[in-house]
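Structure, as structure tokens:
All figures in this text were calculated on a predicted structure; none of them were measured in a lab.
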Amino acid sequence: QELLTKGLPGRHKEFKQTEIGEIPATWEVVELADVCDAQAGGTPNRDDPTNFGGTIAWVKSGEVGGALVVATEESLTEAGLRRSSARVRPAGCVLLAMYGATAGQVGRLGIPAATNQAVLALQPYESRMSNDYLAVLLEHAAKQLLGRVQGSGQPNLSKALVTSLRIALPTRPEQDTIA
């Protein structure tokens with residue numbers, strides 16, 4: 001918690017008060033949407049067998065959770081990818097499970113892969129944020145995000161809820177050290 005709000009121990013002497021609390025004076029407060037691209041995936045029609053069994057790894061929410069995703073249970077064909085809202089995301093991309101029992105779990109792609117609609121793929125803009133820092137940040141923010149979800153039963157996150165999260169953003173070198 002302190003690394004993500006106060007920075008590295010002993011590094012900062014001046015702090016400022018912000019809408020998310022006190023942070024180092026050299027940091028800024030931004031929405032996740034300002035520092036990364038976020039896209040949920042999709043599922044092609046399961047009734048058409050030509051959509052599945054190809055060479056494109058396809059991540060489902062149950063496969064997200066703490067580790068690098070280097071293999072998937074299912075795969076898409078090129079046709080299946082075209083017929084859905086899924087898009088191939090690069091290795092290193094940060095994944096966030098959005099629905100049900102796995103909501104809030106964070107993972108990383110170890111391979112290029114597409115995702116289904118229950119997984120939000122977040123790719124930071126390199127000049128602003130590192131993949132490693134984003135993964136640590138989301139792991140820390142998962143409880144906060146889930147706490148903002150209304151309703152009963154299993155929690156469901158949304159792209160809008162996640163990307164509207166306001167965060168403290170250190171410099172890139174400090175992000176790398178914190179991560």
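Leu120 places none of its side-chain heavy atoms less than 4.5 Å from the side chain of Gln39. Residues Gln144 and Leu165 form a side-chain contact, since some pair of their non-hydrogen atoms from C-beta on lies under 4.5 Å apart. In this structure the side chain of Ile56 never reaches within 4.5 angstrom of the side chain of Thr77, judged on heavy atoms. Taking 4.5 Å as the limit, some side-chain heavy atom of Pro124 sits within range of a side-chain heavy atom of Asn131. Side-chain contact between Val94 and Gln123 is absent, with no heavy-atom pair separated by less than 4.5 Å. Residues Phe52 and Leu76 meet the side-chain proximity criterion, which asks for heavy atoms closer than 4.5 Å.
For the pair Arg83 and Glu78, the salt-bridge criterion is not met [side-chain N within less than 4.0 Å of a carboxylate O]. A salt bridge links Glu74 with Arg46; the closest basic N to acidic carboxylate O contact falls under 4.0 Å. Between Arg128 and Asp34 there is no salt bridge, since no side-chain N of the basic residue sits under 4.0 Å from a carboxylate O of the acidic one. Lys6 has a carboxylate O that lies under 4.0 Å from a charged side-chain N of Glu22, or vice versa, which qualifies the two as a salt bridge.
The side-chain hydrogen bond (donor to acceptor under 3.5 Å, both in side chains) test applied to Ser85 returns no partner, not counting sequence neighbours. Taking Gln1 as the reference, Thr5, His140 meet the side-chain contact (heavy atoms from CB on, under 4.5 Å) condition, with sequence neighbours excluded. For Asn45, there are no side-chain hydrogen bond (donor to acceptor under 3.5 Å, both in side chains) partners, not counting sequence neighbours.
Put simply, the side chain of Glu63 gets close to the backbone of Glu73: a donor and an acceptor are under 3.5 Å apart. Judged purely by atom type and a 3.5 angstrom limit, Thr102 has no side-chain atom pairing as donor or acceptor with the backbone of Met98. Side-chain atoms of Ser75 come within 3.5 Å of backbone atoms of Gly54 as a donor-acceptor pair (strictly under, hydrogens ignored).
By the criterion of side-chain heavy atoms lying less than 4.5 angstrom apart, applied directly or through intervening Ile, Leu, Val, Met, Phe, Trp or Tyr residues, Val136 is not grouped with Leu68; the two fall into different hydrophobic clusters.
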> Going through the checks in order, is the salt bridge (charged side-chain N to carboxylate O under 4.0 Å, His left out) test met by Asp37 and Arg87?
Replying inline: CA-CA 13 Å; Asp37 176 57; Arg87 298 292 168 259; over 6 Å; no

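With rounding to the nearest 0.5 angstrom, the CH2 atom of Trp27 is 8.5 Å from the CG atom of Leu169.
Remark: Glu2 CD is loosely packed, at most 12 non-hydrogen atoms of other residues, nucleotides or ligands lying under 6.0 Å away.
Asp48 and Thr50 share a donor-acceptor pair across their side chains, judged by distance under 3.5 Å alone.
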